[in-house]
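Report on the structure given below.
This is a predicted model, so every value here is computed, not measured.
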Amino acid sequence: MSKQTFTSEIKVNVTLDENRIPEALSWTAIDGGVENAGAKAVLLSLWDSKQKETLRIDLWTKDMPVDEMKIFFHQTLVAMADTYQRATQDDKMADSMRDFSDFFAEKLNLKG
């Protein structure tokens with residue numbers, strides 16, 4: 001008996017200006033109920049197990065406000081700590097990552 005496999009597609013569209021600078025970003029994940037949703041930034045990391053290295057795509061639109069970029073990075077750091085904890089069950093390091101996230105937010109005056 002053969003194993004049944006499924007696929008799902010996540011698509012990111014990047015609209016570039018004449019200088020190839022991102023003007024607009026949108027993404028689609030039909031299985032998640034998202035179609036052509038707008039975004040101002042995307043950070044995508046992929047693991048190349050053969051080379052043992054991370055491949056990255058970091059994009060943001062030219063009109064992404066710096067204050068929003070700081071919030072985006074803070075929320076990404078918090079999410080990475082949560083993901084790290086789920087993936088490794090290393091509570092101590094995840095908590096250290098959260099401590100850094102709190103420090104990051106404090107230094108940027110992101111928390112009131």
Rounded distance [0.5 Å steps], [atom1] in [X] versus [atom2] in [Y]:
X      : Y      : atom1 : atom2 : answer
Leu110 : Ile71  : CG    : CD1   : 6.0 Å
Leu25  : Leu59  : CG    : CG    : 6.0 Å
Asp67  : Lys70  : CG    : NZ    : 8.0 Å
Leu77  : Phe103 : CG    : CZ    : 12.0 Å
Thr28  : Asn13  : OG1   : CG    : 6.0 Å
Tyr84  : Ser96  : OH    : OG    : 9.5 Å

> Please walk me through it: do Glu35 and Ile30 pass side-chain contact (heavy atoms from CB on, under 4.5 Å)?
Replying inline: CA-CA 6 Å; Glu35 189 166 358; Ile30 299 298; 4.0 Å; yes

Note, [X] side chain near [Y] side chain (heavy atom, < 4.5 Å):
X     : Y     : result
Lys92 : Asp95 : no
Thr61 : Glu23 : no
Lys40 : Phe72 : no
Leu16 : Val14 : yes
Leu55 : Glu53 : yes

>> Can a donor-acceptor pair be found, under 3.5 Å and without considering hydrogens, that links the side chain of Ser26 to the backbone of Gly38?
In response: no

Connected via hydrophobic side-chain network under 4.5 Å: [X] and [Y]:
X      : Y      : result
Met64  : Val42  : no
Leu108 : Phe100 : yes
Phe104 : Leu43  : yes
Val12  : Val34  : yes

> Does a donor on one side chain and an acceptor on the other come within less than 3.5 Å for Asp90 and Gln85?
Replying inline: no

Other residues, nucleotides and ligands only: do more than 12 of their heavy atoms fall within 6.0 Å of [atom1] on [X]?
X     : atom1 : value
Met93 : CE    : no
Ile57 : CD1   : no
Leu44 : CG    : yes
Lys11 : NZ    : no

>> Go through it in stages, so that I can follow the logic: the residues are Arg98 and Asp82, the test is side-chain contact (heavy atoms from CB on, under 4.5 Å), and I'd like the CA-CA distance, side-chain angles, deciding distance and then a yes or no.
In response: CA-CA 8 Å; Arg98 287 185 191 97; Asp82 294 344; 2.9 Å; yes

>> Quick one, Lys50 with Asp48, criterion salt bridge (Lys or Arg N to Asp or Glu O under 4.0 Å). Give me CA distance, side-chain angles, the key distance, then yes/no.
In response: CA-CA 6 Å; Lys50 289 182 183 177; Asp48 181 334; over 6 Å; no

> If you look at every heavy atom in Ser101 and His74, which pair is closest and at what distance?
Replying inline: O-CD2, 3.2 Å

